[in-house]
Amino acid sequence: MERIGLSTGWRIVCGAWMAGVIAAAFIGVGPAAGFREPEAARILFFHVPVAWLAVLGFLGATFHAVRYLRRRNPAADIRAVASAEMGFLFCVLATLSGALFARVQWGAAWNWDPRQTSIVALLLVYAAYFTLRSAVAEPERRAALSAVYAIVATLPMLFLVFILPRVVESLHPADTVRSGGMSPDYRVVFFAALGAFTLLYLWIYRLRVAVGELERVACRHSMK
Amino acid sequence: MRSPDGGPEVPAEVFLAVRDLAKSFGRLGLFRGVSFELSPGEALVVTGRNGSGKSTLVRILCGLLRPTRGSIEYRVGERLVPGRDVKRLVGLVSPDLVLYEELTLLENLRFFARVRGLRRSDMELQTLLTQVGLESEGARRAGTLSTGMRQRLRFAHALLHEPPVLLLDEPTANLDDAGVAMARACMARQRSRGILVVATNNREELELGDQILRLGG
Amino acid sequence: MSPLHEVMVVVLVIWAGLFAYLWRLDTRIREGARQQREAPGDQPDDAPEAVLEPGPGRLGEE
Amino acid sequence: MAEAGAVFLKDLQQELRNRYALNAMALFAITTLVVVGFAVGSQALPASVVAALLWVVLLFTAVASLSRVFLREEETGTALALRLAVEPEHVYLGKLLFNVVLLGAMALVVAPLFLAVMQARVGNPGLLALVLLLGCIGLAAASTIVAAIIARAAARGALFGGLAFPLLLPVLIAATGGTTRALEGAPLGAAWAELRLLLSFGVVMITASLLLFEHVWNE
C-alpha cells in the first residue's frame with residue numbers, strides 16, 4: 001500500500017499554506033468594489049475553491065469508475081468511491097458557504113438561484129450513487145454497477161455545473177474570476193487559496209483511500 | 001452438422017480446455033484446481049455434494065460468470081473463441097432457466113430462434129417439440145406447463161441452435177420415466193456429435209461420463 | 001454581525017465540515033486497524049480441491 | 001439490428017398480454033390529471049407553469065413504468081435465457097425502443113388531455129410535438145440504463161426514482177423551457193437552445209449506455 005496521506009514535509013506545507021491564505025484573506029486585502037457588502041467579498045476565497053473541489057471529486061469518481069470497468073481492479077473501485085465521497089463532502093460545504101454568501105450579499109440565504117439549484121441537484125445525483133452502493137451486497141457487482149452509474153451521472157453533473165448556470169441568467173458573480181474582474185491582490189490570494197485547498201483535498205483523499213484499502217482487507221475476513 | 005440456412009454457420013469441431021479453474025465468493029471458496037479437456041464425442045460428469053459449486057461451474061462454462069482464477073478456452077479447430085461468442089456454441093439446461101410465461105411454447109422458440117439470428121420454420125420448431133415430447137403443447141402458454149413439461153421445454157430451448165457444447169445442470173430432475181428416456185436420448189445424441197457436460201448427483205448418470213469431476217472434497 | 005464576521009463564519013463552517021470528516025476517517029482507520037489486529041490476514045481458507053478421474057463412459061450403450 | 005427488433009417485439013407481446021406497465025401508466029396518468037385539473041380549477045395559468053406541470057406528470061409516469069422492462073426479466077428469472085441468447089447491445093436497444101414507444105404513446109394520450117384540462121392555448125403545436133418527442137427520448141434513455149442497473153440491485157423498485165430523478169433534471173429543465181416556448185407560440189428558432197440540449201442529452205446518454213450496458217447486464 002503506497003504511503004498514507006502526505007509526507008511530513010508536505011503536511012507542514014499544507015498547514016502553513018492554508019494558514020497564510022486565511023490570514024491574507026482577512027488582513028492581506030481590502031474590501032472589494034462591486035459587491036453589496038465589499039468586506040464580505042472575501043468569502044469567495046473559500047466558497048469558490050470548495051465548489052471547484054466538489055467538481056474535482058466527481059470527475060475523479062468518473063475517472064476511476066472507467067478504470068474499474070476496464071480492468072476490474074478493486075483498487076480503482078476504492079478510489080472511485082473515495083473521490084465521490086470527497087466530491088460530496090465539498091459539495092455540501094459549497095452549498096453551505098454559498099448560502100452564507102447569498103445571505104450576506106442578497107439578504108436571503110436561499111432564493112433558488114440557478115447555481116444554488118444546480119448544486120443541490122448535484123447533491124441528489126451523488127446521494128443516489130451512495131444509495132445504489134448500499135443496495136448491492138456482492139462487492140464485484142456493487143463496484144461495477146456504481147461505476148456505470150458514476151459514468152452515466154457525469155453528463156448531468158457537467159450540465160448542472162457548467163451549462164445550467166450559464167443558460168439561465170444568474171445573480172452569481174462567479175464570472176468575475178474568469179473575466180478578470182478581480183483586483184490583482186485579490187487574484188493572488190484567490191489562486192493561493194485554490195492551491196491550499198487542493199493540497200488539503202489531496203491529503204484527505206489519500207487518507208480516505210487508505211481507509212478504503214484497510215476496510216477491503218478487514219471486510220474480506222468478516223465475509224466468511 | 002446441418003447449418004441452418006441463413007443462420008450463422010455452427011462449427012462442429014469445438015474443443016474445450018479448462019485449466020486450474022477456481023471460484024470463491026468473498027472468502028467462501030467453492031472449488032479450485034478444476035482442469036479438464038473435452039473434444040467432440042466426449043462427456044464429462046460433474047458431481048459433488050449440494051453447495052459444492054456444480055451449478056456455478058456450469059454458469060462459468062456458459063461464459064456468464066467470471067472465475068476467480070484459471071482459464072476456460074473454447075477452440076474451433078485452432079481458433080480461440082472470444083468470450084462474446086461463447087453463447088453461440090453453448091446450450092444450457094438448468095433449473096434456473098425460465099422462459100416467457102405469457103408466450104406460448106412456439107412463440108418462445110420463435111423468439112429465441114430470431115434473437116439468435118437463426119431462420120427456423122414452424123415445422124422445424126414443431127419437430128423440436130416432438131423430439132422432447134411436447135408435440136401437442138405448441139400453442140400452450142409456457143406459464144401453464146407442469147414442472148416436468150417445463151424441463152422438457154428447457155431441452156427444446158437448449159437444442160434450438162444445435163449447439164456443439166451442451167451443458168446440463170441436474171437434467172433429469174422432475175422428469176417421469178419417459179422424460180428421463182428423452183433426456184438420455186438427447187445426451188447420447190449430443191455426445192455423438194459434440195461435447196456434453198452433465199452436473200448431477202444421480203448414481204446412474206455418473207456411469208455415463210467419459211470423465212468424472214468431483215467437487216467439494 | 002459585521003461583514004468581516006460573516007467571512008469568519010464561512011471559514012469556520014468549512015473548517016467544521018472538514019474536521020468532522022477527518023474525525024470520521026480517523027475512527028474508520030482505528031476500527032479497521034483493530035479488526036485487522038484481531039483477525040490478522042489469516043489465509044482465506046482454500047476451497048476444496050476438485051478431483052478428475054476417468055469414467056466408465058457407458059453413455060449411449062442402452 | 002434484427003435481434004434488437006426481436007427483443008422489442010417480444011417485450012411488446014409480453015406487455016400486451018399482461019399489461020403491467022400499461023396499467024401502471026394509465027392509472028397514474030389519469031389520477032395525476034384529475035388531481036391537477038382539480039387543483040388548477042378554471043383560472044388560466046402562465047405557459048411556464050403549464051409546461052412544468054406537464055413535464056412533472058410525464059416524469060412521474062415514466063418513473064412509475066419504465067423500470068418494468070428489466071425488473072420483469074430479473075424477477076421472473078427469464079434474464080438468464082436472454083443473457084445466453086442475445087448480445088448485450090441488442091438487449092439494450094430493444095428495451096430502449098420499447099421504453100421510448102411506451103412513453104411516447106403515453107405522452108400522445110396524456111399531453112393533449114392535460115392541455116385540455118388546463119385549457120392551455122398551444123401556440124406552436126409543431127414545436128410542442130418536437131419537444132415532447134425529444135423529451136421522451138431523453139427520459140427513456142436515462143430511465144432504461146438506470147432500470148438495468150437497479151434490476152441487479154436489492155430494494156429495486158424504491159431505488160429507481162432516487163437514481164433516475166437526478167439524472168433526468170437536465171431533460172426536465174430543457175423540455176419545460178421548450179414546451180413553454182411552444183405554448184407561447186414562439187417559432188422553432190426561439191427554442192433552438194432547448195432542442196439542441198435535448199438532442200445532445202439523448203444522443204450522449206444512449207451512446208454511453210450502449211458502451212456501459214454489458215457491465216450491468218453481465219456478471
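Keep in mind that what you see is a predicted model, and the values were worked out from it rather than measured. Throughout, a chain's letter reflects where its sequence line sits, starting with A, and its residues are numbered from 1.
Residue with the most contacts toward chain C among B:Val46, B:Leu30, B:Val34: B:Leu30 (heavy-atom pairs, distance under 4.5 Å). When the candidates B:Gly216, B:Gly209, B:Ser192, B:Gly33 are compared by the number of heavy-atom contacts under 4.5 Å with chain C, B:Gly209 comes out ahead. Listed options B:Leu196, B:Leu21, B:Ile212, B:Leu44 were ranked by heavy-atom pairs under 4.5 angstrom with chain C; first place goes to B:Ile212.
Within the 4.5 angstrom heavy-atom criterion, only backbone atoms of B:Leu206 (N, CA, C, O) approach chain C. In this structure, the portion of B:Ser35 lying under 4.5 Å from any heavy atom of chain C is its backbone and not its side chain. In this structure, the portions of B:Leu213 lying under 4.5 Å from any heavy atom of chain C include both its backbone and its side chain.
A salt bridge does not link B:Arg152 with B:Glu137: every distance from a Lys NZ or Arg NE/NH1/NH2 to an Asp or Glu carboxylate oxygen is 4.0 Å or more. A salt bridge links B:Glu37 with B:Arg19: the closest approach of a Lys/Arg side-chain nitrogen to an acidic carboxylate oxygen falls below 4.0 angstrom. Look at B:Glu42 and B:Arg191 and you find no salt bridge, because none of the NZ, NE, NH1 or NH2 atoms lies under 4.0 Å from a carboxylate O.
In B:Glu78, the CD atom is not crowded: 12 or fewer heavy atoms of neighbouring residues, nucleotides or ligands sit closer than 6.0 Å. Crowding of B:Glu204 atom CD: a count of heavy atoms from other residues, nucleotides or ligands under 6.0 Å not exceeding 12.
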